[in-house]
There are 2 protein chains.
Amino acid sequence: MSTIHDVAKLAGVSIKTVSRVVNQEPSVRDATRERVQNAVDKLQYKPHNGARLMRSSKSNLIGLITSAISTVSRDPVKAGLSSIHIVKGVQQACREAGKTLLILDTEPDETDIQHHIDILLSHRVEGIIYILDHHRLIAPPVVQDTPFWLVNGYSTPSFPAVVPNDYMGQQLAVEHLVEQGHSRLAYVGLAVELEAGRLRREGFINAAESAGLTNEDVQTTYGMKLGETTPFSVLENVLKQLFEQQNRPTAICFGNDQMAMNAIPILHSLGLRIPEDVSIIGFDNDMAIVSGTRPALTTVTLPYQRMGNITAKKLLQQLSEPDQEQAEPYPIKVTGEVVIRQSVEKLNN
Amino acid sequence: MSTIHDVAKLAGVSIKTVSRVVNQEPSVRDATRERVQNAVDKLQYKPHNGARLMRSSKSNLIGLITSAISTVSRDPVKAGLSSIHIVKGVQQACREAGKTLLILDTEPDETDIQHHIDILLSHRVEGIIYILDHHRLIAPPVVQDTPFWLVNGYSTPSFPAVVPNDYMGQQLAVEHLVEQGHSRLAYVGLAVELEAGRLRREGFINAAESAGLTNEDVQTTYGMKLGETTPFSVLENVLKQLFEQQNRPTAICFGNDQMAMNAIPILHSLGLRIPEDVSIIGFDNDMAIVSGTRPALTTVTLPYQRMGNITAKKLLQQLSEPDQEQAEPYPIKVTGEVVIRQSVEKLNN
DNA sequence: CACCAAAATGACAACGTTGTCATTTACGTA
DNA sequence: TACGTAAATGACAACGTTGTCATTTTGGTG
């Protein structure tokens with residue numbers, strides 16, 4: 001592999017002039033620049049990033065820690081929305097900024113990431129982004145001098161983090177149902193021990209109250225855990241009870257798409273048509289699920305890609321403007337949006 | 001960020017002794033080693049990879065070019081099996097060998113990867129793996145001095161490459177059907193302009209011949225393109241014609257899982273039960289598809305993860321034993337295996 | 001032509017580590 | 001205790017580039 005000295009000798013200039021050409025500095029004559037560029041091309045010279053890094057302290061690398069690749073080949077329906085969508089969002093922002101992403105993938109369920117941090121720091125990455133596989137609180141990682149952001153997880157109010165706004169997302173679902181004329185709602189959600197489960201339930205309850213729905217009109221149940229297939233019999237019992245009562249709901253908000261998908265055949269077996277007899281709405285917009293449901297599922301997006309993009313842009317901004325402080329406390333919450341398909345009917349009332 | 005000089009000063013030794021401790025060289029006294037390690041821990045010293053790289057010409061990085069991340073969030077059913085499974089296999093082998101993977105993701109359909117190669121070479125990666133999103137022939141990339149492997153694509157017989165053995169995979173499917181007593185088969189496959197489409201069709205025909213099936217017993221049709229949803233009406237017509245004839249097939253080999261999945265409701269609408277009236281078998285073992293079919297689809301795996309793993313191990317072997325030559329011509333073909341579920345019935349005849 | 005200022009070019013030190021070889025220390029044996 | 005050898009430690013050059021400042025070249029003006 002050729003060095004800057006080889007190029008300088010072939011072009012008949014100093015190594016500094018070669019450096020100026022390669023780095024597109026202005027103060028080089030056109031004829032000189034052309035002569036050097038020809039030598040670069042002929043020798044297929046690639047600058048040595050290690051040497052650059054020693055001199056200029058800019059690696060041009062952004063470190064990314066994720067378990068998305070290890071987990072992406074699990075059963076897509078059971079696994080929930082893959083955090084690789086977050087990776088994609090991060091990647092887009094880095095590509096636009098001309099930064100190279102150094103992705104380190106952890107084993108699933110691996111919580112000690114210090115070894116990964118050490119690798120990234122030895123490569124002198126300019127910043128680190130750690131993507132969690134589901135929304136939760138973690139202890140703050142200890143990293144000096146290098147900007148560090150969490151995505152899909154959070155720590156202290158001073159630690160940079162971006163999370164999905166599960167609360168607002170579920171509110172949007174309720175607002176959509178109410179707007180479509182629904183006034184008797186049920187919520188079948190995730191376990192409240194889960195961050196997302198708790199926030200989505202709270203969002204549902206608050207939105208129902210804000211819409212003036214009384215306790216008679218609103219029924220909530222929960223208990224399903226992320227990552228587990230909803231046992232058919234459990235969901236079946238829940239739905240049976242909902243429809244054995246006098247004030248049957250006209251619409252059901254599910255805590256995620258998987259529950260909504262599993263509910264479809266159960267509701268059919270109860271003699272209910274969707275959306276004519278009961279409307280349903282999911283959460284996540286998981287294409288592995290919604291692309292297969294009949295009728296096509298109306299749902300709320302889990303804005304993973306946007307979260308990744310926002311995080312990377314914030315980090316990059318932090319790098320280019322080191323004195324700018326984040327005004328708001330963390331985490332930054334990103335709200336999804338309703339994707340209207342065919343599982344919600346408009347009522348005339 | 002502290003340097004080796006800071007550690008040496010704190011521990012009261014030379015920088016070379018610090019280097020010996022950090023690199024776990026043997027010739028250091030235990031007491032000295034402990035003193036140095038304490039200083040390393042106290043200062044949170046991380047070796048500077050750029051400096052190491054300049055001195056030792058070993059980056060410990062393996063470069064990977066793929067479009068898997070950009071494409072993974074497309075509709076999983078339409079996209080075909082994601083090449084991220086290949087990435088996972090590469091990752092496993094690199095992790096075991098203690099190498100860090102530098103993943104560069106291209107835009108979908110981007111064919112000029114020279115810019116990505118340049119980035120990787122400037123980081124002095126020890127080897128490069130280029131993953132193609134589907135099995136095809138490409139022009140040989142020009143890279144000097146650095147080992148370069150293709151996965152899911154191939155070039156000249158001297159260019160290192162690993163591809164799926166589509167031919168053998170489809171043979172396995174036929175052999176399984178024959179073993180289950182089926183003697184009247186149909187093949188509904190991918191377009192033969194596609195590498196996989198051509199090889200799978202050839203594999204089907206050859207396996208049927210080898211099994212002694214006559215032309216009367218075997219019917220082939222093809223024309224579907226990878227990446228496009230099979231138009232329902234086209235597939236419907238194909239299947240109708242198959243079952244309007246006197247010698248109806250007892251089993252259908254599909255060129256991929258997506259076609260098999262789409263065929264299920266059509267066969268039902270023709271009054272055919274699966275597998276009682278007609279057995280079906282897919283190809284790819286795409287969990288985004290097979291996890292949702294009823295009955296559960298018997299299929300042949302597209303061994304992406306294994307291909308990735310084999311490639312990385314070959315590359316790593318090339319790095320540790322540079323004089324070893326690959327005995328066989330390229331590409332190396334990796335055969336999948338039959339995954340038995342419920343869509344193939346055993347006939348008594 | 002002489003002078004001045006701006007543009008272009010070059011010399012060389014420094015970045016943080018490892019490889020090489022010289023020097024010092026410790027241990028075992030006679 | 002002296003000697004020899006092996007183990008441990010240290011000095012310093014080199015890796016390939018960029019930053020800094022000195023030097024040279026060029027162009028314009030009087």
Side-chain angles (χ1 to χ4, degrees), chain A residues 1-37 39-40 43-61 118-126 145-146, chain B residues 1-37 39-40 43-61 100 118-126 144-146:
Chain A
M1 187 124 340
S2 54
T3 73
I4 202 167
H5 289 277
D6 303 320
V7 178
K9 186 166 184 181
L10 184 61
V13 296
S14 71
I15 57 174
K16 182 63 193 178
T17 298
V18 176
S19 180
R20 289 193 179 101
V21 171
V22 166
N23 293 303
Q24 288 156 350
E25 288 184 27
S27 52
V28 184
R29 277 205 201 93
D30 284 352
T32 309
R33 189 179 297 271
E34 186 174 342
R35 199 160 80 240
V36 171
Q37 191 60 53
V40 166
L43 293 173
Q44 298 189 27
Y45 167 68
K46 306 289 188 291
H48 190 297
N49 196 266
R52 285 178 164 197
L53 181 54
M54 276 175 58
R55 192 60 195 155
S56 65
S57 297
K58 290 289 180 188
S59 67
N60 219 42
L61 293 171
D118 288 348
I119 292 178
L120 293 176
L121 291 178
S122 77
H123 284 277
R124 299 305 194 260
V125 292
E126 297 178 26
D145 296 333
T146 303
Chain B
M1 185 124 337
S2 54
T3 71
I4 202 167
H5 290 278
D6 303 320
V7 176
K9 188 167 184 180
L10 183 60
V13 297
S14 72
I15 58 173
K16 182 63 193 176
T17 298
V18 176
S19 181
R20 288 193 180 100
V21 172
V22 165
N23 293 304
Q24 289 156 349
E25 288 183 27
S27 51
V28 183
R29 279 207 200 89
D30 285 353
T32 308
R33 189 179 296 271
E34 187 175 342
R35 199 160 81 239
V36 171
Q37 190 60 52
V40 166
L43 294 172
Q44 297 189 30
Y45 167 68
K46 308 289 187 292
H48 189 296
N49 196 264
R52 285 180 164 195
L53 181 52
M54 277 176 58
R55 192 60 196 156
S56 64
S57 297
K58 290 288 180 190
S59 68
N60 220 40
L61 292 171
T100 303
D118 288 349
I119 292 178
L120 293 176
L121 291 179
S122 77
H123 284 277
R124 299 301 193 262
V125 292
E126 296 179 27
Q144 296 175 345
D145 296 332
T146 302

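Heavy-atom basis, side chains included; hydrogens, waters and symmetry copies ignored. Order of the sequence lines fixes the chain letters, A, B, ..., with proteins taken first and strands second; residue numbering starts at 1 for each chain.
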Would you mind reading off the distance between [X] atom [atom1] and [N] atom [atom2], rounded to a whole angstrom?
| X | N | atom1 | atom2 | value |
| --- | --- | --- | --- | --- |
| A/Leu53 | C/dG16 | CG | P | 10 Å |
| B/Asn49 | D/dC15 | CG | C1' | 14 Å |
| B/Arg29 | D/dG10 | CZ | C1' | 13 Å |
| B/Lys9 | D/dG10 | NZ | P | 16 Å |

message: Are there over 12 heavy-atom neighbours, none belonging to B/Glu34, within less than 6.0 Å of that residue's CD?
response: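 Not more than 12 within 6.0 Å, no.
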Under 4.5 Å between any side-chain heavy atoms of [X] and [Y], yes or no?
| X | Y | answer |
| --- | --- | --- |
| B/His48 | A/Leu53 | yes |
| A/Asn23 | A/Arg52 | yes |
| A/Arg33 | A/Val36 | no |

Taking only side-chain nitrogens and oxygens of [X], does any of them come within less than 4.0 Å of OP1 or OP2 of [N]?
| X | N | answer |
| --- | --- | --- |
| B/Thr17 | D/dG10 | yes |
| A/Thr32 | C/dT9 | yes |
| B/Ser27 | D/dA8 | no |

Distances under 3.5 Å only, N/O to N/O: pair up the protein atoms with those of nucleotides 17-20 of chain D.
unit_1: D/dT17; atom_1: OP1; unit_2: A/Tyr45; atom_2: OH; d: 2.9
unit_1: D/dT17; atom_1: OP1; unit_2: A/His48; atom_2: N; d: 2.9
unit_1: D/dT17; atom_1: OP2; unit_2: A/Ile4; atom_2: N; d: 2.5
unit_1: D/dT17; atom_1: O5'; unit_2: A/Tyr45; atom_2: OH; d: 3.2
unit_1: D/dT18; atom_1: OP1; unit_2: A/Asn23; atom_2: OD1; d: 3.4
unit_1: D/dT18; atom_1: OP1; unit_2: A/Asn23; atom_2: ND2; d: 2.8
unit_1: D/dT18; atom_1: OP1; unit_2: A/Arg52; atom_2: NE; d: 3.3
unit_1: D/dT18; atom_1: OP2; unit_2: A/Ser19; atom_2: OG; d: 2.3
unit_1: D/dT18; atom_1: OP2; unit_2: A/Asn23; atom_2: ND2; d: 3.4
unit_1: D/dT18; atom_1: O2; unit_2: A/Arg55; atom_2: NE; d: 2.6
unit_1: D/dG19; atom_1: O4'; unit_2: A/Arg55; atom_2: NH2; d: 3.2
unit_1: D/dG19; atom_1: N7; unit_2: A/Lys16; atom_2: NZ; d: 2.7

message: Would you compute the distance between atom CZ of B/Arg124 and atom CG of B/Leu61 and round it to the nearest 0.5 angstrom?
response: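 Here the rounded value is 12.0 Å.
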- request: Mind running side chain to side chain contact (heavy atoms under 4.5 Å, CB included) on A/Asp6 and A/Leu10 for me, showing each step along the way?
  value: CA-CA 6 Å; A/Asp6 303 320; A/Leu10 184 61; over 6 Å; no
